[in-house]
Number of protein chains: 2
Amino acid sequence: MATIYDIAKKANVSAMTVSRVINNSGSIKESTRKKVEEAIKELNYIPNSAARSLVSKKSNLLALLITDVTNPFFTKVARGAEDKAQQMGYQLMLCNTDESVEKESKYIDVLLAAGVDGVLFTPSGEKSKKNLRKLAKHGIPFTLIDRKVQGINCDVVLGDNHEGTRQLLQHLIDLGHEKIAIINAPLDISTAHDRYQAYVNTLKMNGLSVDERLVLKSHYKKENATNNIEYILSLSKKERPTAIFATNNFIAVETIRALREKKLEVPHDMAFVCFDDLDHHATIDPFLTVASQPAYDFGFTGVQFVIERVEGTAPQEFRKIQFQTELVVRKSSGGQL
Amino acid sequence: MATIYDIAKKANVSAMTVSRVINNSGSIKESTRKKVEEAIKELNYIPNSAARSLVSKKSNLLALLITDVTNPFFTKVARGAEDKAQQMGYQLMLCNTDESVEKESKYIDVLLAAGVDGVLFTPSGEKSKKNLRKLAKHGIPFTLIDRKVQGINCDVVLGDNHEGTRQLLQHLIDLGHEKIAIINAPLDISTAHDRYQAYVNTLKMNGLSVDERLVLKSHYKKENATNNIEYILSLSKKERPTAIFATNNFIAVETIRALREKKLEVPHDMAFVCFDDLDHHATIDPFLTVASQPAYDFGFTGVQFVIERVEGTAPQEFRKIQFQTELVVRKSSGGQL
DNA sequence: CTGTTAGCGCGTTCAA
DNA sequence: TTGAACGCGCTAACAG
């Protein structure tokens, strides 16, 4: 409510002097600084950031575009991102895209209008390219989180999808499994693609053949998995998998639910592993064998990267950081066959 | 990058006409509207929201101050809030206060500076009053989520803490428990206060006495619960509780962990109930008996309330909505003694 | 060390 | 139906 002029008047100085006090710029006599600071306190003055942005072309706003905060992986990404943003003096705007390019596009327009300084982006697939290009066209720096997009050059924070998958599958194979199904998201999502590749590679490395009937499709969101399980049950005993690899936590949860519905006991009737942990759950009941990723660091590092780009302190070349995954063996994968 | 003037020039009209087209205000000849719209498209023009806010005194920004988005309860609050905000054309800024008034205060200053139109607030306790008064002084509408603060008049979205607690305790009592410990957060948090009151009431209603030694203190955040469990184990068999009521999910998780450490099996050695569900967990392994609250609706309704205040469509009187809790009986409370 | 001028991009007001 | 002038609150650039 109070403006810089109100302060100026009260302190008997010019608006410019007040501005300098606020921004610690230029040099100010100690006595006048005191006067100004008192006036500021008395009038509860708070600088208007719209006016500031208008002049400086900076909003100190960052956007976090993820598919769904309620996915425990992204919940932690969000926390990490917010912590770093807060520490660096930025605010974080939360956006849930639900794996939809259309929702993404809408957000991009809003964010552009809102004048965000940078964007953290988990693209919903290759079709997200146009949205990223739009950001680029408007000169907004962005960092890709968790998933990359072909032909887009930018900073990117990833997990090691190959190694994570390899660990999970090798673990199952070492336990004696030879027929392992994969339930995956659409392959235009880089993590789905990479995990599938690694699935194929790991089977081959172990002299196992890839049975296309065991390559099942789903989405990285909460989607009923009953169909897939019914399909599996329809296979002859000889074809039927003895283990399932779910490529993310949501698929895992829904698949487990469907298995229970069909009275299949994990791991007794079906061994089970997946990507990404469900942490609170892990404490209460250490059940799922997972490839765990440091989600918090994804967000934290991602924000650091964008801010460095925003502030021009980033190196010229784009950075790619790949975090290690950790194999956490728990009950769901079962013991030796 | 392009401004309203660039569009004006390109379309051979005045800036004002462009402004009118953008805002659908005034009346415009169809032909000139066409011209302007084409120019907008060609130049990829996006209105500068800093300039707009400066004039209109509206930012279309809302802030969500919660204690920790990684608390599954607040994760869902955040999702509900974001969905409603998005639907109404607002953006949501995420803030984690970690139950600290100091962090709250910092955020409040930043938010005031950022010019948010309204705030959703889960106060960390009675000391949050000063922060709320500050918001009020600056004319920023806010809605309290999950917790109320004495002497603060505003819209508020709550759960039914009395009834939720009553259900949980009555359930334990019906199973035969007479010595029930409560592990609670500081009492200046309204939910902690109310749950404690309901704990006392329910015991009394059932002719049971309240044993102060079974009233244990903790915090609504992840805090090691080993001390409390060691204390419980130090009690004589006669004094020792047969059941524990944890007043939120974080306390629950940590307490279960501590119990496990001490080789105590739930519910065999200790029955257990708590407030708030851990949903993914509930699917994988339906274990905890809880009083579940519709967290998503807390956020959704909260945003609706603030926006109505922001836009002046809210009724004069402040609203208080109290959502029902649902008792979900699972394994942790055990069977009849 | 401090003040004056001008302008950031837009919308309100008043005229035409 | 359209336009010109002004001001929102602030800071950069230039005096002094």
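Remember, it's a predicted structure, so these values are computed and weren't measured experimentally. The chains referred to below are lettered A, B, ... by the order of the sequence lines, with proteins before strands, and numbering in each begins at 1.
- At a threshold of 4.0 Å, the pair Lys35(B)-Glu30(B) does not count as salt-bridged, since none of the basic side-chain nitrogens sits closer than that to a carboxylate oxygen.
- Following rounding to the nearest Å, Asn24(A) (CG) and dT2(C) (P) show an atom-to-atom distance of 14 Å.
- Which of dG11(C), dG7(C), dG3(C) sits closest to the side chain of Ser19(B) comes down to dG11(C).
- Between Arg33(B) and Glu37(B), at least one side-chain nitrogen of the basic residue sits less than 4.0 Å from a carboxylate oxygen of the acidic one, meeting the salt-bridge criterion.
- Here dT11(D) presents its P atom at 12 Å from CD1 of Ile28(A), a figure rounded to the nearest Å.
- Rounded to whole Å, atom P of dC6(D) lies 12 Å from atom OH of Tyr5(B).
- The phosphate of dC1(C) (OP1 or OP2) has a side-chain N or O of Ser27(A) nearer than 4.0 angstrom.
- When the P atom of dG9(D) is taken as reference, atom CG of Leu54(B) falls 7 Å away, rounded to whole Å.
- Checking side-chain atoms of Asp98(A) against main-chain N and O of Ser100(A) turns up no donor-acceptor pair under 3.5 Å.
- In the region residues 33-51 of chain B, proximity to DNA chain D at under 4.0 angstrom, judged on heavy atoms, holds for none of the residues.
- Rounded to whole angstrom, the span from the CG atom of Asn12(B) across to the C1' atom of dG3(D) amounts to 14 Å.
- Residue Ile22(A) contributes atom CD1, which lies 7 Å from atom P of dC10(D) at whole-angstrom precision.
- A donor-acceptor pair is defined here as one N or O able to donate and one able to accept, closer than 3.5 Å; no such pair exists between the side chain of Arg20(A) and the backbone of Ser25(A).
- Atom NZ of Lys57(B) is separated from atom C1' of dG7(D) by 10 Å (rounded to the nearest Å).
- Salt-bridge annotation for Arg147(B) and Glu99(B): present, with a side-chain N of the basic residue lying under 4.0 Å from a carboxylate O of the acidic one.
- Surrounding NZ of Lys106(A) are at most 12 heavy atoms belonging to other residues, nucleotides or ligands under 6.0 Å away.
- Nearest nucleotide to the Ser14(B) side chain, out of dG3(C), dG7(C), dG3(D): dG3(D).
- A salt bridge is absent between Lys76(B) and Asp297(B); no separation between the charged side-chain nitrogens and carboxylate oxygens falls under 4.0 Å.
- Residues Ser31(B) and Arg20(A) both approach DNA chain D. Their nearest nucleotides, taken by heavy-atom distance, put Ser31(B) toward the 5′ side.
- Nearest nucleotide to the Arg52(A) side chain, out of dC8(D), dT2(D), dT11(D): dT11(D).
- Here Thr32(B) reaches the OP1 or OP2 of dT2(D): one of its side-chain N or O atoms lies under 4.0 Å away.
- dG7(C) atom C1' lies 16 Å from atom CD1 of Ile4(B), rounded to whole Å.
- Between dG11(C), dT12(C), dG3(C), one nucleotide has an atom nearer to the side chain of Met16(B) than all others, and that is dT12(C).
- Nucleic acid contact class of Ser56(A) (heavy atoms, under 4.0 Å, all strands): none.
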